[in-house]
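First the structure, in the form of structure tokens, and then the observations on it.
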Amino acid sequence: MFQSQKFLPKLPIIENDEILKIVFTAGSSENFSKYELLGDFIFSTVVLEVLLSIEPKLSKANVAILKSHLVSNKLMREWSILYDLGSYVFPDIKGQGQTERTIKWYADLFEAYVAGVYLDKKESGMLRLKA
């Protein structure tokens, strides 16, 4: 699941069905919006932490430039497409068809997936946060 390209590592699986359902409603619920917001925060924080640990001598300006590129909607859209996350989205429950799949739609889906993984692993006790 979630490995459409051989060079990509497998994504963590979300075990909780309720969390999975929220992630793959892709914009059609208030909970999805909250997941998207949380995922954005988590992804940005992790990217910043990795950048600072890999290149501790980078200037603040260079870190900001790299981070803004790595957390851009355009790049998150690419991750979403590479992992084929859009194919797992539930059909619109109102029968209105698929949401227009813009760069932002794919990026939001990726962010919601990140939040879903975080919440799922936190709930199952598999997530250990540093103090």
Path from [X] to [Y] over hydrophobic side-chain contacts below 4.5 Å:
X: Leu8; Y: Leu85; result: yes
X: Leu48; Y: Val46; result: yes
X: Ile103; Y: Leu75; result: no
X: Ile65; Y: Val47; result: no

Quiz item: For the side chain of Ser80 and the backbone of Met76, is there at least one donor-acceptor N/O pair under 3.5 Å apart?
Solution: no
Self-check item: Trace of the side chain to side chain contact (heavy atoms under 4.5 Å, CB included) decision for Tyr88 with Leu20
Solution: CA-CA 10 Å; Tyr88 297 95; Leu20 199 61; over 6 Å; no
Quiz prompt | Atom NZ of Lys104: over 12 foreign heavy atoms under 6.0 Å | solution = yes
Any chance you could measure [X], atom [atom1], to [Y], atom [atom2], to the nearest 0.5 Å?
X: Lys67; Y: Leu51; atom1: NZ; atom2: CG; value: 9.0 Å
X: Asp108; Y: Asp40; atom1: CG; atom2: CG; value: 8.5 Å
X: Glu18; Y: Leu119; atom1: CD; atom2: CG; value: 13.0 Å

At their closest point, which heavy atom of [X] faces which heavy atom of [Y], and how far apart are they?
X: Tyr35; Y: Ile22; answer: OH-CD1, 3.6 Å
X: Ile14; Y: Asp120; answer: CA-OD2, 3.6 Å
X: Leu66; Y: Leu58; answer: CD1-CD1, 3.7 Å
X: Val23; Y: Leu109; answer: O-CD1, 3.6 Å
X: Ala115; Y: Gly39; answer: CB-N, 3.5 Å
X: Lys121; Y: Ile13; answer: NZ-O, 2.7 Å

Quiz prompt | Salt-bridge contact Glu78-Lys74 (side-chain N to carboxylate O under 4.0 Å) | solution = no
Quiz item: Run the side chain to side chain contact (heavy atoms under 4.5 Å, CB included) check on Trp79 and Tyr106 step by step: do they pass?
Solution: CA-CA 9 Å; Trp79 288 114; Tyr106 279 105; over 6 Å; no
Practice problem: Would you indicate whether the side-chain heavy atoms of Phe32 and Phe24 approach each other to under 4.5 Å? | Solution: no
Practice problem: Could you walk me through whether Arg77 and Ile81 pass the side chain to side chain contact (heavy atoms under 4.5 Å, CB included) test, one step at a time? | Solution: CA-CA 6 Å; Arg77 172 189 174 266; Ile81 289 171; 3.4 Å; yes
Self-check item: Trace of the side chain to side chain contact (heavy atoms under 4.5 Å, CB included) decision for Val50 with Leu70
Solution: CA-CA 11 Å; Val50 169; Leu70 293 171; over 6 Å; no
Practice problem: Hey, can you tell me if Phe110 and Phe43 have their rings parallel, tilted or perpendicular (30° and 60° cut-offs)? | Solution: perpendicular
